[in-house]
Amino acid sequence: MTENILELNNLTKFFPAKAGGIFSRAKGEVRAVDGVNLTVGRGETVGLVGESGCGKTTVGRTVMKLYEPTSGQIVFDGQDITNLDRKEMKPIRSKMQMIFQDPFSSLNPRHTVGTIISSSFTIHDIEPEGGVEHAVRELLTLVGLNPEHINRFPHEFSGGQRQRIGIARSLALKPKLIVADEPVSALDVSIQAQVVNLLDDLQKEFGLSYLFVAHDLSIVQHISDRVVVMYLGKVMEMAPTRELFANPRHPYTKALLSAVPVADPKIGRSRERIILQGDLPSPVNPPSGCVFNTRCWKAQDICRSVVPETIQISPLQTVACHFPEV
Amino acid sequence: MSKFLEVTNLNVSFPTEDGEVRASNEVSYSVGLGETLAIVGESGSGKSVSNLAVMGLHNPVRTKITGSAVLNLADGPVDVISASADTVRRLRGKSMSMIFQDPMSALHPFFTIGDQIAEAWHLYNKGSKKDGIKKATEMLDLVGIPDAASRAHDYPHQFSGGMRQRAMIAMALVNNPSLLIADEPTTALDVTVQSQILQLLKDLQKEFNMAIILITHDLGVVAEVADRICVMYGGRIVEDGTVDDIFYRPEHPYTLGLLNSVPRITAGESHRLRAIPGQPPSLISLPSGCAFQPRCEYSTKVSSGACASTVPSLSDKGSGHLSRCHLDAADLNNLVKDKA
């Protein structure tokens, strides 16, 4: 048994960028994920953060093989799954499941909750102990829903409850890894906390590993053991949560952390903030050298020409910067 | 001295087939020039609805509005709730202005950004088309769009999310309004862009001495920009106080629960989040008594059982800090300490 449930080696995913018109041809590539290395240990939660368009969702979807990777390697549970086709992926999919951001569009409105959750069993041709209905009722209880609601339709539930249905579905086959793509960002604050606590409890009970994709840094800090910061398809920094938040080494991480509004007026007033200029550059035409150089206050000539190597700054912390913070 | 906007006992409801949606009940708040009032609440708490009523943006046929919202203008007070649609239209844009959450759907995709800003300017100013574009360029420059003169000729889809929000702000401020209502202005934006926009709003407020009403669910944003805060729940204001009142001396169990359910980025050890159990109430069938009572862990501590039967009044417990709870603030504090 290998130590890591998931290993990504130099993973890239480029999408063709089309010119308009019927006879469109590829004009270039959107470098959504560009050489990402990352591991998720057994029972570990890895937070993947970054602004919209940084490629974090694409990483999650490529791990699930919902997108074919352009190059690189995906190793899941000791097995290279990079080049497996649909049929070969099927048994593996039961061990890795996904929770989606939008609890409204990720549940079929014409199916009952029972059908939605039991579809996992039907697809994989599994007869759970005690029968399908029994298993579904148990799952509903597990995620804090009333098992009597098995015949209701998604529209009869609130956003938070629907997200619980999505979680129940993902747990049906007792997966080892769950890729959670912004699982709480569509929910109200008081409901967010309920769902985050549920994810915590389930991890303890079943020894799950999470790849937790999110933009909300305070949630990520709360739930993750390690955090990976992405910018424009590349990993900028990777570190255990406490190190990353206490001592960010990449200027982008530092700026990102300082931009998060703190729900404490005294701290808000006193702390120093770094306000980045401008927006995220286009991933079709990323800046040369370090991709962050156009917004970085420390950028020098070398940053504009040479792509920084990812350096191991401490046993667990890596950073891709020519001039990391000390 | 009276404040610039004074909303008193505002009720907004929508009759529907399923029953009357009582979105705003006896809502009162006020905001002065140069001041920022934040209205905080979860979705469906009625925070947007009351402000849309102030702007006169509800469908007059399908909405029942009572109460008053007085703008204290230089030439005398105007109650925008009882005023004619025409009067309110002449105030919109000039005396009060609004920016919306989603800048993509609030901008017209067929017209250039410059044209759209110029259109707002032409409503209250005489000038040629060229003057309008010149003014638009000036405004875009003010809100920090680089190379404003050429970007004014761009269409909304050519702008990024943050730039569109800046363009919306430019449009809202082109006639120099005294009141700006910002409805979740940064919710659709990334954090690094959010901090740019919040800073911009603060700077512009200083420059033009505007009153700002910020509608949001994000307590972090509130902590950074607000002077006063109203917390809404189930269509009612449940607590009203200064930023420090709300964050350091909360007097309502809902506010307390809300503050506890936010993970703190500054906290050292990660602890279990203290979620509020249950769901927010439906505005069609609000619980009798206090709307928060079914989710409130302290309701059993009120001996008379008043929580389930009587709506608590929004009472001042000193120094303008209002709370709508049957429990006394001191008693609540003791209960919280006992639990800890």
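The figures here come from the full heavy-atom set of this structure, side chains too, leaving out hydrogens, waters and symmetry mates. Order of the sequence lines sets the chain letters (A, B, ...), proteins ahead of strands, with each chain counted from 1.
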If one checks every heavy atom of A:Q277 against chain B at 4.5 Å, the contacting part turns out to be backbone
Between B:A223 and A:D264 the two heavy atoms that sit nearest each other are CB-N, 3.7 Å
(message) Would you say that A:I191 contacts B:P280 through its side chain, given a criterion of any heavy-atom pair below 4.5 Å between the two side chains?
(response) yes
Taken to the nearest 0.5 Å, the spacing of A:L276 CG from B:S195 OG works out to 7.0 Å
Keeping the roles fixed (side chain from B:E224, backbone from A:P265), state whether a donor-acceptor pair exists under 3.5 Å.
no
Contacts of A:K298 meeting side-chain hydrogen bond (donor to acceptor under 3.5 Å, both in side chains) (sequence neighbours excluded), chain-then-number -> A:E325
inquiry  = I'd like to know if the side chain of B:Q279 reaches the main chain of A:Q161, judged simply by a donor and an acceptor atom lying under 3.5 Å from each other, with no hydrogens or angles considered.
reply    = no
Fill in: Student check: side-chain heavy atoms of A:Q221 and B:P263 closer than 4.5 Å
no
Under 4.5 Å to a heavy atom of chain B? For A:V189 that would be both
Residue from A:N197, A:I275, A:L256, A:I223 scoring the most non-hydrogen pairs under 4.5 Å with chain B is A:N197
Listed by number, the residues in residues 36-51 of chain B that come under 4.5 Å of chain A (heavy atom to heavy atom) are B:E42, B:S43
Next on the checklist: Here's one to test your reading of the geometry: is the NZ or CZ of A:K266 within 45 degrees of the ring axis of B:Y248 and under 6.0 Å from its centre?
Outcome noted: yes
When every non-hydrogen atom of B:Q194 is compared with those of A:P261, the smallest separation belongs to NE2-CG, 3.0 Å
TODO: Determine whether B:T192 and A:R295 make a side-chain contact, defined as any pair of heavy atoms from C-beta on separated by less than 4.5 Å.
DONE: yes
Non-hydrogen side-chain atoms of A:Q192 and B:S261 separated by less than 4.5 Å: no
Per-residue tally against chain A (heavy atom, under 4.5 Å) across B:D244, B:L259, B:V222 peaks at B:D244
Rounded to the nearest 0.5 angstrom, the CG-OG distance for B:L273 and A:S218 is 9.5 Å
Applying side-chain hydrogen bond (donor to acceptor under 3.5 Å, both in side chains) to A:N247 and not counting sequence neighbours gives none
Among residues 199-212 of chain A, residues within the sub-4.5 Å heavy-atom range of chain B, in order of number, are A:D201
